[in-house]
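Order of the sequence lines fixes the chain letters, A, B, ..., with proteins taken first and strands second; residue numbering starts at 1 for each chain.
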2 protein chains.
Amino acid sequence: MTELKIQHLLTLSYLLSKGAKYNYVTITTSALGKNIHKSQQAASKHLLELEQNKFISRIISGRNLSVKITNKGYSEIVKLSSMLQKSLDSYPSVVNLQGTLVSGMGEGAYYMGLKGYTKQFKSKIGYVPFPGTLNVRLDKKIHQEAMKQFETLDGVKIKSFSDGKRTYGWVKCFSAKLNNSIKCQLIILERTHHDESVIELISKTCIRKNTKLKDGSKISIKIEIDS
Amino acid sequence: MTELKIQHLLTLSYLLSKGAKYNYVTITTSALGKNIHKSQQAASKHLLELEQNKFISRIISGRNLSVKITNKGYSEIVKLSSMLQKSLDSYPSVVNLQGTLVSGMGEGAYYMGLKGYTKQFKSKIGYVPFPGTLNVRLDKKIHQEAMKQFETLDGVKIKSFSDGKRTYGWVKCFSAKLNNSIKCQLIILERTHHDESVIELISKTCIRKNTKLKDGSKISIKIEIDS
DNA sequence: ATTACTAGCTTGCGAGTAG
DNA sequence: TCTACTCGCAAGCTAGTAA
């Protein structure tokens with residue numbers, strides 16, 4: 001049994017939309033050609049091949065060419081379409097990162113403890129994070145590159161604020177899971193302090209204390225993407 | 001802007017299902033080749049071309065090849081998939097027939113008036129049909145051929161019955177509209193009396209009386225297909 | 001083991017054109 | 001007009017193979 005050639009898909013789809021599931025629809029090959037962005041000759045050949053493989057049946061009377069999709073042809077469209085639909089409906093919406101636990105410079109603790117932030121954290125992510133951030137260095141290029149997409153993803157936005165002396169930039173939060181178990185947030189800062197291969201995580205409690213993780217430990221992080 | 005080549009669709013779909021919307025997924029070209037039923041070399045070329053046209057981005061480190069779908073690439077899949085989905089969701093489910101009104105041999109009146117049928121008509125199509133059938137000859141081959149599909153379509157089934165002397169075959173009914181206005185039923189008989197180019201219609205009242213249709217009148221019939 | 005080059009075959013396509 | 005043929009070029013693919 002010959003498979004449906006992928007380049008015939010558009011032709012079948014066009015015929016279907018013209019009602020060729022239940023009727024012999026009368027068409028011209030040049031109209032079909034225009035629709036599938038091919039020449040009249042190519043369209044003619046498509047129909048001949050489709051007929052040969054029993055995906056359509058053709059009736060010619062005089063100048064008129066009429067075409068109807070067979071059950072076999074229809075089920076091929078359905079098959080392909082649902083395969084595509086399935087991969088669109090259920091592709092993994094998770095960013096997987098791997099890296100190594102490293103030391104920050106303690107500034108995370110300072111910033112995360114500011115009232116202007118903590119108030120928002122409480123209401124927007126549901127808890128006041130432990131004052132301090134967990135820094136993870138992404139060792140592989142694929143993970144560093146994957147981070148770039150967070151620039152355009154939304155996440156939960158913690159607004160910038162000012163204490164009169166200076167302003168503190170916004171923070172974007174993304175729900176994450178560390179080593180498949182510990183709930184935390186990946187945070188993206190408006191003003192980043194270190195190079196792009198290091199990411200920062202916050203969580204309710206002090207992860208370093210509650211686990212045996214220390215500098216140099218290998219870490220995996222999964223970040224859920226909503227949209 | 002170069003369009004997505006249709007033959008790259010399966011590749012993109014495969015990458016998507018592997019999570020390449022949000023991650024650089026590490027794959028081998030031979031695994032991809034197997035999946036899309038092409039050679040390793042073809043798979044390699046697909047990826048090169050997809051990268052060239054910015055549908056994916058590639059990262060190579062050592063032997064490992066990692067790939068992520070770009071926003072442009074993703075939107076192309078969505079575009080194609082939804083086009084296909086649309087033509088599947090909303091193609092016309094109507095059989096259009098055209099023909100000429102002809103005379104039957106009066107037998108329709110006899111059969112349609114039998115109690116064994118009328119009782120079922122009343123409950124299954126909601127009315128007792130005028131005793132008599134309207135015969136329409138399908139002049140064009142495309143309409144005659146289109147009729148063949150009713151053999152495998154279900155419709156409303158009027159069961160066969162016996163009056164002790166003989167049995168009367170089943171009748172399948174399909175909701176139809178004559179000349180875009182008159183509600184009627186196309187009936188398919190277990191035992192057909194005339195040649196296949198003539199179809200029979202029944203309706204609540206006598207169509208010939210209520211319209212100016214007579215033998216030779218051109219008729220159009222639309223039959224709704226449910227499934 | 002990889003990826004991706006080259007060569008060569010096959011398929012797909014468009015131009016021209018017959019019927 | 002229409003379909004669909006032939007021809008010739010381009011694209012797509014596989015096999016072989018280098019790195």
Side-chain angles (χ1 to χ4, degrees), chain A residues 1-15 18 20 24-69 73 76 80 140-142 145, chain B residues 1-15 18 20 24-69 73 76 80 140-142 145:
Chain A
M1 166 107 74
T2 325
E3 274 238 318
L4 177 69
K5 291 185 186 175
I6 190 86
Q7 71 263 32
H8 291 156
L9 185 62
L10 294 179
T11 296
L12 276 184
S13 167
Y14 172 73
L15 294 177
K18 286 285 172 188
Y24 281 88
V25 297
T26 302
I27 52 161
T28 68
T29 51
S30 50
L32 171 59
K34 268 195 189 108
N35 194 274
I36 62 172
H37 303 113
K38 295 277 146 64
S39 66
Q40 172 268 320
Q41 292 89 336
S44 172
K45 211 145 189 256
H46 279 204
L47 295 178
L48 287 168
E49 288 184 24
L50 283 168
E51 183 186 39
Q52 228 164 47
N53 294 304
K54 307 259 198 293
F55 296 122
I56 64 172
S57 70
R58 299 192 317 149
I59 292 178
I60 303 165
S61 65
R63 300 182 156 61
N64 286 128
L65 171 61
S66 302
V67 160
K68 181 172 181 295
I69 298 172
E76 286 289 314
L80 240 159
K140 292 187 191 157
K141 180 139 190 250
I142 57 171
E145 289 296 318
Chain B
M1 164 106 75
T2 324
E3 274 237 318
L4 177 68
K5 292 185 187 174
I6 190 86
Q7 70 263 35
H8 291 155
L9 186 61
L10 294 179
T11 296
L12 276 185
S13 167
Y14 173 71
L15 295 177
K18 287 285 172 189
Y24 280 87
V25 297
T26 303
I27 51 162
T28 69
T29 51
S30 51
L32 171 60
K34 268 198 191 106
N35 194 274
I36 62 172
H37 303 113
K38 294 279 146 62
S39 65
Q40 172 268 321
Q41 293 88 335
S44 172
K45 211 150 191 257
H46 278 203
L47 294 179
L48 287 167
E49 287 183 26
L50 282 168
E51 182 186 39
Q52 227 163 47
N53 295 304
K54 306 259 197 295
F55 295 121
I56 64 171
S57 69
R58 298 193 318 149
I59 292 178
I60 302 165
S61 66
R63 299 179 157 65
N64 286 129
L65 171 61
S66 302
V67 161
K68 181 173 181 295
I69 298 172
E76 286 289 313
L80 241 159
K140 291 186 190 157
K141 180 139 189 247
I142 57 171
E145 289 296 319

Q.
Working to the nearest 0.5 angstrom, can you tell me the gap between Arg63(A) CZ and Thr28(A) OG1?
A. 13.5 Å

Q. Can a side chain N or O of His46(B) be found less than 4.0 Å away from OP1 or OP2 on dG12(D)?
A. no

Q: Remember a base hit wins even if backbone is also touched, and classify Leu32(A) as base, sugar-phosphate or nothing at under 4.0 Å, heavy atoms.
A: nothing

Q: Return the value, rounded to whole Å, for the distance between atom CD1 of Ile36(B) and atom C1' of dT14(D).
A: 13 Å

**Q.** NZ/Lys18(B): more than 12 non-hydrogen atoms of other groups inside 6.0 Å
**A.** no

**Q.** Closest to the Ala42(B) side chain, choosing from dC13(D), dA4(C), dA4(D)
**A.** dC13(D)

**Q.** Interatomic distance, Leu9(A) CG vs dG12(C) P [rounded to whole Å]
**A.** 15 Å

**Q.** Most 5' of Lys45(A) and Leu65(A) on DNA chain D, judged by nearest nucleotide
**A.** Leu65(A)

(Q) If you compare all heavy atoms of Gly33(B) against all heavy atoms of Ala43(B), which two are closest, and at what distance to 0.1 Å? (A) N-CB, 3.6 Å

**Q.** Distance (rounded to the nearest 0.5 Å) between Ile142(A) CD1 and Thr26(B) OG1
**A.** 4.0 Å

Q. Within this structure, what is the CD-to-C1' distance between Glu51(B) and dT3(C), rounded to whole angstrom?
A. 13 Å

Q) Any donor-acceptor pair under 3.5 Å joining the side chain of Gln7(A) to the base of dG12(C)? A) no

Q) Hey, is the side chain of Lys5(A) poking within less than 4.0 Å of OP1 or OP2 on dG12(C), counting only N and O atoms? A) yes

Q. Is there a donor and acceptor pair closer than 3.5 Å between the side chain of Gln40(A) and the base of dG14(C)?
A. no

Q.
Just N and O in the side chain of Arg63(A): are any of them under 4.0 Å from OP1 or OP2 of dA4(D)?
A. no

Q) Between Ser44(A) and dT3(D), does any side-chain N or O lie under 4.0 Å from OP1 or OP2? A) no

(Q) In whole Å, I'd like the distance from the CD atom of Glu49(B) to the C1' atom of dA11(D). (A) 9 Å

Q) Which nucleotide, dT14(D), dG14(C), dT3(C), lies nearest any side-chain atom of Ser39(B)? A) dT14(D)

Q | Separation of dA4(C) P from Gln52(B) CD (nearest whole Å) | A | 12 Å

Q.
Under 4.0 Å between a side-chain nitrogen and a carboxylate oxygen: does that hold for Lys5(B) and Glu49(B)?
A. yes

Q. In whole angstroms, how far is the C1' atom of dG12(C) from the CG atom of Leu48(A)?
A. 14 Å

Q) Hey, what do you get for CG (Leu32(B)) to NE2 (His46(B)), rounding to the nearest 0.5 Å? A) 8.0 Å

Q: Rounded off to whole Å, could you give me the NE2-to-C1' distance for the His37(A) and dG14(C) pair?
A: 16 Å

(Q) I need the minimum non-hydrogen distance between Gln7(A) and Ile6(B), along with the two atoms involved. (A) CA-CG2, 4.0 Å

Q | Integer-rounded Å distance: dA11(D) P and Lys38(A) NZ | A | 12 Å

Q: Rounding to 10 degrees, work out the angle separating the end axes of the helix from dT2(C)-dA19(D) to dG19(C)-dC2(D) (five pairs an end).
A: 30°

(Q) So, OP1 or OP2 of dT3(D): does either fall under 4.0 Å of a side-chain N or O from Thr29(A)? (A) yes

Q: When you get a sec, tell me which of dA15(C), dA4(C), dT3(D) is the closest nucleotide to the side chain of Gln41(A)?
A: dA15(C)

Q. If you look at every strand shown and take non-hydrogen atoms under 4.0 Å, does Ile60(B) touch a base, only sugar-phosphate, or nothing?
A. sugar-phosphate

Q.
Working to the nearest 0.5 angstrom, can you tell me the gap between Thr11(B) OG1 and Asn35(B) CG?
A. 8.5 Å

